[in-house]
Peer 1: 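My questions will all concern the structure given below.
So you know, we letter chains A, B, ... as the sequences are listed, proteins then strands, and number each from 1.
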Amino acid sequence: MTTEKDRSMALQKEMIAGHFHALSKAGESKKKVVYTFVPGNLTELLHAFDVLPLYPEINALQSGMRKRSGGFITEAEKLGHSEDVCAYVKSDIGMLKAGNIGPTGEKLPEPDLLLLSYTGCFTFLKWFELLKRQYNCPIAMLHVPYQGDGSFTPEMRDYVVSQLKTEIIPKLEEVTGTKYDEDKLRAALRLSAKAEDDLVTVLESAKTKPSPIDAYFGGVYYIGPMFTAFRGTPAAVEYYQTLKEEVFARAAKGLGPVTPDGPMGAEKYRLVVEGPPNWTSFQELWKMFYDQGAVVVASTYTKVGGLYDMGFRHDPDHPLETLADYCAGCYTNLSLPQRIDLIEKYVHEYQADGLLVNSVKSCNSFSSGQLLILREIERRTGCAAGFIETDLVDPRYFSAANVMNRIESYLQMIEQRRRGAAPAKVERHLPVLGSEGSLP
Amino acid sequence: MTPEQIAEKADALYHDLDLGRVKQFRDEHPGAKVIGYLPIYAPREVVDAAGMLPVGITGGRGQIEIIRGDAYFQSYICQIPRSTIELALSGRFQLIDGFLFPSTCDVIRNLSGMWRVLFPEKYVRYVDVPQNFDPKVGGKFFRGELGHLRDDLAKLGGRPVTDDDLRRSIVKYNENRSAVSDLFALRNAAPWRALALESYLVLFAGNVLPVEEHTTLIRDYIAAVNASDRPMRDNARVVTIGSFCEQPPLGLIKTLEMAGCYIVWDDMTLSKRWLTQEISTEGDPLTAIAEAFLTHSHSNAVLYEPRREKGDALMDIVRRTKAEGVVFAAPSFCDPALLEQPMLTEALDREQIPWTAFKYSENLGQFQVIREQAGTFADSIKLWSPA
Ligand code: SF4
Ligand code: SF4
């Protein structure tokens, strides 16, 4: 790996360790802790109140990466949680029952407030209702309307802003005993916008050939600070600047992404990926791509915490309105037609060979409708669209052999298209766990 | 007519996937539009006020073979969206001019977008409902949403929808709500006479009947039940919960009754009785609908409840209906119902109310396991009840 790469990685590691350490010391430092969700998070506002945000989704994915989620999920199922529901919730509940030890091995603090940013996922509502029963603390609910007809209207914005004024800010004031300071919020928003510019530059570097980044497997690291506790901080600004420089340096040398096994070999396939990653076998899955020269040039998962590449920036001049716009614009809050348009744009702008969907069992918010997305993209772009099935953190739904087979047949399909073979002849797999067939 | 005859009439409507009654409406009202709505809560008053027929869309009821629908949904997504797509692709919704997709869950939410892509010629609206219950915040937002719906329907129907139109429709639906509530009261008082399956069919008929006709049907059924003489059995009084969206097959309801359960309350036809009280006919009618939603909605898995603890509402129902146990019957892969369940069982355990749980899908055809489970449950209630 290059030293430049190490620097941004080291920075991020330091930031995350520092944050979890601060969380573990929240009792001593008397800092208040607010649990919230990644999509539609109000990090800048939380910074304005000087509270520490904690994201149960991140804990769940970390548990997945550390191979702990399977046990946590089983534990939650023993307690009566259905095998059918989102595994993030069960992993979180299982972790809680096992003592709430965070990814750095330190105990996580209990929340002083559950900030239910209800954006793009119905499960969030149930998740915090469940947590509320475990912790004796208030909930603040922010209902962000869904962009059902493909727009976020002024009435919707007003609704969100009113909730910020009448529900969220008062509850934060109550919990912290601090008055809302709009200047502090503006300052954080200003820093956010700066970091957002650099993140977009990083993501868009994938338009060059070869792409210097992997915008899915690498991308989840790139979005980490932006989508979580660090937006609106100088640390995030520094991180993204460093990252941008590293990526530019790689691009200038015509190098591809850096993988866990070192620099990637020749770029053979450029893919757009829709859907969240699998965390329990993250590196194994990534390897299935880079071993075959497949690089992901754009992904939708890296937009769950905002579509900065479509022009959105936090705007310090309209602090509450910009928070509302941010919440509404997260990927899973978009209608299916908007998602399809976005992916189509990615396929064209990033000169991709096609779309690969990773359908995860846990997440209806992503998965429901993905097969239509797949068909539409294939129809509109003429590019090959393929399909794999895994789960986010439930290891029972990761079959390496099956996933590998599908990736291989998908890449073959791309080869056939390149050679001009008739697309309809290519066999594809029906989206049924454990069985096979072909799409009509 | 006897209760059986009325139920038979309702049963015919239930089994008519080709929507013959909707066709009849169109023949009787040339030019009038038909608006389909998915579960759960849709403001039917606004549709009716526009001179249109609101039609409840409740999936395939296990009556159609899913051929195309499966190609749109992974195996781990519930049944209702795939049978709904199947019905549409097989031309069964040709008579329907527009579709409302209420804010229920991510599946129905995403289905609204799929509809836009698959059926671009149809009117589609996602009906967002507030999860903030402050009239000046959530109420104002919902009033705005209802206003957009009214404007859209006026455009679709080619005539304005006036406040008086809305008030007239509110009155009609208030009458319907009152009939539904009388039916539930009767079921509660004499579940051996107002059988759960019959009463389900009578309520289900409200998916396709114009509201006045549906009210009459319910009233006729109540009168017929009151005039009938049916033997009382030593069954257990149970509440069933979790079936608010994808509907259980009729065989399942029948199985529960045959296994010794009197279903004294259920959430199966929730879209017909979401509001627990009348909507006011005073003032701005859309504000009245919005306020009724904020203040008189049934507690439900898809609704945020800032004012009460989870489980309180279910405990109220259990007490009010003198239920001896609760049956959790949720569709497989239904996140809202299944995530809600542990919170409700916890409340029941605290109060020592017995419960049992199983999952179903609308096309379930085998009820043996459920019959045994429900039978054992009913027996254990009878065995341990203080009487
Ligand atoms: S359903 Fe999807 S978006 Fe929602 S919590 Fe689960 S993984 Fe996250
Ligand atoms: S059955 Fe449950 S998961 Fe399926 S559409 Fe209905 S509410 Fe959603």
Peer 1: Could you tell me which portion of B:Val124 (side chain, backbone, both or neither) has an atom closer than 4.5 angstrom to a non-hydrogen atom of chain A?
Peer 2: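 Neither; nothing under 4.5 Å.
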Peer 1: Where does A:Val360 contact chain B at under 4.5 Å (heavy atoms): side chain, backbone, both or neither?
Peer 2: backbone
Peer 1: What heavy-atom pair brings B:Asp106 and A:Phe122 nearest, and what distance separates the two atoms?
Peer 2: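 Looks like OD1-CD1, 2.9 Å.
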Peer 1: Just give me the residue among A:Gln338, A:Arg339, A:Glu167, A:Met156 that pairs up with chain B most often, heavy atom to heavy atom, under 4.5 Å.
Peer 2: A:Arg339
Peer 1: So for B:Asn132, is it side chain, backbone, both, or neither that comes closer than 4.5 Å to the heavy atoms of chain A?
Peer 2: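 B:Asn132 touches chain A through backbone and side-chain heavy atoms alike.
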Peer 1: So which of B:Gly138, B:Gly144, B:Ala357, B:Cys334 has the biggest tally of heavy-atom pairs under 4.5 Å with chain A?
Peer 2: B:Gly138
Peer 1: So what's closer than 4.5 Å to chain A heavy atoms on B:Leu303: side chain, backbone, both or neither?
Peer 2: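 For B:Leu303, backbone heavy atoms alone lie under 4.5 Å from chain A.
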Peer 1: Nearest 0.5 Å please: distance from the CG atom of A:Leu336 over to the CE atom of B:Met114.
Peer 2: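 Nearest 0.5 Å value for the CG-CE distance: 6.5 Å.
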Peer 1: At a heavy-atom distance under 4.5 Å, which candidate from B:Arg125, B:Gln341, B:Glu346 has the highest pair count against chain A?
Peer 2: B:Glu346
Peer 1: Identify which part of B:Ser103 has an atom lying under 4.5 Å from any heavy atom of chain A, answering side chain, backbone, both or neither.
Peer 2: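 Both backbone and side chain of B:Ser103 come within 4.5 Å of chain A.
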Peer 1: List the steps and the verdict of side-chain contact (heavy atoms from CB on, under 4.5 Å) for A:Ser368 and B:Val107.
Peer 2: CA-CA 6 Å; A:Ser368 187; B:Val107 174; 3.8 Å; yes
Peer 1: Under the criterion salt bridge (Lys or Arg N to Asp or Glu O under 4.0 Å), I'd like the reasoning laid out for A:Lys126 against B:Asp335: C-alpha separation, chi angles, the key distance, then a yes or no.
Peer 2: CA-CA 9 Å; A:Lys126 309 316 294 174; B:Asp335 270 53; over 6 Å; no
Peer 1: Please flag which part of B:Lys359 lies under 4.5 Å from any non-hydrogen atom of chain A: side chain, backbone, both or neither.
Peer 2: side chain
Peer 1: Under a 4.5 Å heavy-atom cut-off, does chain B meet the side chain of A:Lys165, its backbone, both or neither?
Peer 2: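 Neither part.
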Peer 1: Find the distance between CZ (A:Arg133) and CE (B:Met343) and round it off to the nearest 0.5 Å.
Peer 2: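 Reported value, rounded in 0.5 Å steps: 6.5 Å.
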Peer 1: Is it the backbone or the side chain of A:Leu130 that comes under 4.5 Å from a heavy atom of chain B, or both, or neither?
Peer 2: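 Contact with chain B: backbone and side chain both.
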Peer 1: Does any backbone or side-chain atom of A:Thr166 lie under 4.5 Å from a heavy atom of chain B? Answer side chain, backbone, both or neither.
Peer 2: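 For A:Thr166, the side chain is the part near chain B, not the backbone.
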Peer 1: Below 4.5 Å from any heavy atom of chain B, which atoms of A:Cys121 appear? Answer side chain, backbone, both or neither.
Peer 2: both
Peer 1: Would you say A:Glu389 and B:Gln74 are linked by a side-chain donor-acceptor pair, where the criterion is simply a distance under 3.5 Å?
Peer 2: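 Side-chain D/A pair, B:Gln74 to A:Glu389: absent.
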Peer 1: Counting heavy-atom pairs under 4.5 Å to chain B, which of A:Ser335, A:Ser162, A:Ser367 comes out on top?
Peer 2: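 Of A:Ser335, A:Ser162, A:Ser367, A:Ser367 has the most heavy-atom pairs under 4.5 Å with chain B.
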Peer 1: For a quick check under 3.5 Å, do B:His148 and A:Glu155 share a side-chain donor-acceptor pair by atom type?
Peer 2: yes
Peer 1: How long is the span from the CZ atom in B:Arg116 to the CD1 atom in A:Ile340, to the nearest 0.5 Å?
Peer 2: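 If we round to the nearest 0.5 Å, B:Arg116:CZ and A:Ile340:CD1 are 12.0 Å apart.
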Peer 1: By a 4.5 Å heavy-atom criterion (distance strictly below it), what part of B:Arg109 contacts chain A: side chain, backbone, both, or neither?
Peer 2: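 Both parts, heavy atoms under 4.5 Å.
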Peer 1: So which part of B:Val127 gets closer than 4.5 Å to some heavy atom of chain A, the side chain, the backbone, both or neither?
Peer 2: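 It is neither, since no heavy atom gets under 4.5 Å.
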Peer 1: Count the heavy atoms of every other residue, nucleotide or ligand shown that sit under 6.0 Å from NZ of B:Lys140, and state whether that count exceeds 12.
Peer 2: no
Peer 1: Using 0.5 Å steps for rounding, measure from the CD atom of A:Gln370 to the CD1 atom of B:Ile77.
Peer 2: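 Taking CD in A:Gln370 and CD1 in B:Ile77, the distance rounds to 8.0 Å.
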Peer 1: Quick check on B:Gln352: does its CD atom have over 12 non-hydrogen neighbours (other residues, nucleotides or ligands) under 6.0 Å away?
Peer 2: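 12 or below, so no.
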Peer 1: Is it the side chain or the backbone of A:Phe128 that comes within 4.5 Å of chain B heavy atoms, both, or neither?
Peer 2: neither
Peer 1: Working to the nearest 0.5 angstrom, can you tell me the gap between A:Asp84 CG and B:Phe333 CZ?
Peer 2: 4.5 Å
Peer 1: Using every non-hydrogen atom in the two residues, find where A:Pro337 and B:Val117 come nearest and quote the distance to one decimal.
Peer 2: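 Here A:Pro337 and B:Val117 meet closest at CG-CG2, 4.0 Å.
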Peer 1: Is there a side-chain contact (heavy atoms from CB on, under 4.5 Å) between A:His143 and B:Tyr304? Walk through the geometry before answering.
Peer 2: CA-CA 10 Å; A:His143 172 210; B:Tyr304 180 55; over 6 Å; no
Peer 1: So, do B:Pro130 and A:Tyr159 sit near enough that their side-chain heavy atoms are less than 4.5 Å apart?
Peer 2: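 With C-beta onward as the side chain, the pair touches.
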Peer 1: Taking atom CD of A:Glu173 as the centre, does the number of heavy atoms from other residues, nucleotides or ligands within less than 6.0 Å exceed 12?
Peer 2: yes
Peer 1: Of all heavy-atom pairs between B:Phe73 and A:Gly369, which one has the smallest distance, and what is that distance?
Peer 2: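 Scanning both residues, the minimum pair turns out to be CE2-N, 4.3 Å.
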Peer 1: Taking every heavy-atom pair that is under 4.5 Å apart, which of A:Cys363, A:Gly80, A:Gly120, A:Gly150 has the most such pairs with chain B?
Peer 2: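 Most pairs with chain B among the choices: A:Gly120.
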Peer 1: Side chain from CB out, backbone as N, CA, C, O: work out which of these in B:Glu340 comes under 4.5 Å of a heavy atom of chain A, or both, or neither.
Peer 2: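 Contact with chain A involves both backbone and side-chain atoms of B:Glu340.
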Peer 1: Select one option (side chain, backbone, both, neither) describing which atoms of A:Ile373 are under 4.5 Å from chain B's heavy atoms.
Peer 2: neither
Peer 1: Main chain of A:Ser365, side chain of B:Asn110: is a donor-acceptor contact present, judged purely on distance under 3.5 Å?
Peer 2: yes
Peer 1: So how far is it from A:Asn364 CG to B:Cys78 SG, rounded to the nearest 0.5 Å?
Peer 2: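 Spacing of CG (A:Asn364) from SG (B:Cys78) equals 7.0 Å.
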Peer 1: Below 4.5 Å from any heavy atom of chain A, which atoms of B:Ala301 appear? Answer side chain, backbone, both or neither.
Peer 2: both
